[in-house]
Amino acid sequence: MKTLLLHDTEQDIKTAGEILRNGGLVGIPTETVYGLAANALDGRAVAEIFKAKGRPMDNPLIVHIADIEDIARFSLVSEFPEKARLLAEKFWSGPLTIILPKGSSIPDEVSAGLDTVAIRFPSHPLAQKIIKSAGVPLAAPSANLSGSPSPTTAAHVMNDMDGRINAVVDGGECSVGLESTVLTLASDPPRLLRPGGITAEQLEAVIGKIAIDDAVLNKLRDGEKAASPGMKYKHYAPKARVIMLRGSDSGYINYVNNHKIEAAAALCYDEDMKSLTLKAFSLGKRGDYSSQAHRLFSSLRAIDRDESVKLVYARCPSPKGVGMAVYNRLIRAAGFEVIDLEKL
Ligand code: TXA
Ligand code: MG
């Protein structure tokens with residue numbers, strides 16, 4: 001299949017909408033990461049997403065809307081509680097996904113057989129235009145091959161999906177760089193399943209106490225069931241071995257310089273680079289969680305492209321605010337391998 005590269009023009013948005021309405025697959029930009037979209041109401045189209053990504057069928061998808069009225073218009077949920085209304089008012093459109101009891105129109109392929117559905121209203125203007133042009137809500141996971149870092153540019157999507165999908169719409173670099181926050185309102189108290197650009201503190205300020213799912217910061221034990229099926233897979237895994245080093249600035253710099261081997265590289269804060277004597281990739285600015293979120297996936301992809309790198313010494317981000325999302329993604333890329341420098 002030839003994959004069309006489309007742009008932010010009236011004609012191309014119309015073309016993307018037609019492909020989606022006809023059951024095709026289109027890579028679309030959002031403010032978080034690029035999505036691999038299909039008509040959410042068409043189970044057969046949605047099944048093609050799983051094939052293109054190599055994604056296990058038991059991992060449910062997020063349904064994207066471009067207007068809050070779409071939820072009722074398309075019977076996407078069976079209940080829209082007060083807390084959902086408050087969250088939608090405050091954070092939509094934006095990088096928050098809310099899980100609710102699913103409505104009658106949701107095919108099993110979207111919800112992976114669960115009785116809930118994940119809903120998101122992206123803020124990216126081009127995402128909204130494409131959803132409106134399609135005239136239907138769009139189911140979309142991140143547009144990477146299953147197990148690779150999520151794509152934050154159209155070139156990343158092409159790299160993984162060229163020849164596997166009908167089109168990619170280029171909307172430039174994603175501003176957040178990490179996937180949306182996922183919160184379920186199907187449990188009491190509401191539970192954070194995946195940290196993202198909207199922090200736990202911001203959510204609590206609007207709806208009160210929320211629980212943080214164990215799998216956000218810790219490894220699931222063998223046999224433990226994941227509340228969010230996506231959490232159980234080793235995600236965002238680069239080809240090189242990644243080790244996270246927890247400790248101070250000087251502790252990190254000393255350890256890395258003393259354990260230099262030819263195939264090793266650093267994934268570090270920009271401020272560390274001048275003190276390191278080996279190849280280094282940026283994990284954004286120290287203490288600036290948004291810049292870390294923005295850099296993480298594109299640096300993991302750059303590491304993947306560099307055949308010479310077999311081992312990565314990564315800094316351990318602080319799990320505060322948006323840093324919790326950076327920590328959550330990076331510790332999965334490291335397969336939970338962490339060295340505590342203070343304890344050596
Ligand atoms: O920012 C994002 O959310 C991006 C863009 C494209 O919108 N999408 C994205 O989708 O990250 P995906 O499929 O890569 O991640 C969706 C996560 C998975 O961990 C999945 O298991 C979880 O949300 N999820 C979806 N529906 C769920 C449900 N009904 N119950 C529990 N978890 C659910
Ligand atoms: Mg994903």
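Start at 1 with the first residue, then count along the sequence. Order of listing sets the numbers, starting from 1, for every ligand and every atom in it.
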Distance filter under 4.0 Å to Gly35 heavy atoms, resulting ligand 1 atoms: 6 (C)
Any salt bridge linking Glu89 with Arg85? Criterion: basic side-chain nitrogen under 4.0 Å from a carboxylate oxygen. yes
Answer yes when Asp270 and Arg295 have at least one side-chain N-carboxylate O distance shorter than 4.0 Å, and no when they do not. no
For ligand 1 and Arg120, I'd like to know whether there is a polar contact (N/O to N/O, distance under 3.5 Å). yes
Is the closest basic N to carboxylate O distance between Lys132 and Asp67 below 4.0 Å? no
Does Thr32 reach ligand 1 with a nitrogen or oxygen that is under 3.5 Å from one of the ligand's nitrogen or oxygen atoms? yes
Short version for Glu31: what comes under 4.0 Å of ligand 1, heavy atoms counted, is neither
In terms of atom number and element, which parts of ligand 1 are under 4.0 angstrom from non-hydrogen atoms of Thr116? 28 (C), 29 (N), 30 (N)
Report, in ascending order of atom number, the atoms of ligand 1 lying under 4.0 Å from any heavy atom of Ala118. 25 (C), 26 (N)
Does Asp108 pair with Lys102 as a salt bridge, N-O distance under 4.0 Å? yes
Where ligand 1 meets Ser142 - atom numbers and elements under 4.0 angstrom, heavy-atom basis: 8 (N), 9 (C), 10 (O), 12 (P), 14 (O)
Can Arg73 and Asp70 be counted as an ion pair, charged N to O under 4.0 angstrom? yes
Taking the six-membered ring of Tyr252, is the NZ or CZ of Arg315 close enough (under 6.0 Å from the centre) and on axis enough (within 45°)? yes
The one among Asp213, Ile99, Thr181, Ile106 that brings a heavy atom closest to atom 31 (C) of ligand 1: Ile99
A student checking ligand 1 against Ser180 at a 4.0 Å heavy-atom cut-off should list atoms 1 (O), 2 (C), 3 (O)
Ligand 1 atoms nearer than 4.0 angstrom to some heavy atom of Ile62 are 3 (O), 8 (N), 9 (C), 10 (O), 16 (C)
Numbered atoms and elements of ligand 1 in range of Leu114, under 4.0 angstrom, heavy atoms: 28 (C), 29 (N), 30 (N)
Evaluating non-hydrogen atoms only, which member of Glu179, His124, Arg55 is closest to atom 13 (O) of ligand 1? Arg55
Just going by heavy-atom distances, which of Val182, Thr97, Asn59 is nearest to atom 20 (C) of ligand 1? Asn59
Kindly confirm whether the Mg ion (ligand 2) is within less than 2.8 Å of some N/O/S atom in Ser146? no
Is Leu300 linked to Val157 within one hydrophobic cluster, defined over Ile, Leu, Val, Met, Phe, Trp and Tyr using a side-chain heavy-atom separation of less than 4.5 Å? yes
What verdict does the salt bridge (charged side-chain N to carboxylate O under 4.0 Å, His left out) test give for Glu31 and Arg120, after you've listed the backbone C-alpha separation in whole Å, the side-chain angles of each residue and the deciding distance to 0.1 Å? CA-CA 12 Å; Glu31 70 280 16; Arg120 164 158 142 71; 2.9 Å; yes
Distance-only donor-acceptor check, side chains Thr97 and Ser180, under 3.5 Å: yes
For Thr199 and Glu201, which I'm curious about, is there any donor-acceptor pair between the side chains at under 3.5 Å? yes
Quick one: which ligand 1 atoms are inside 4.0 Å of a heavy atom on His64? 5 (C), 6 (C), 7 (O)
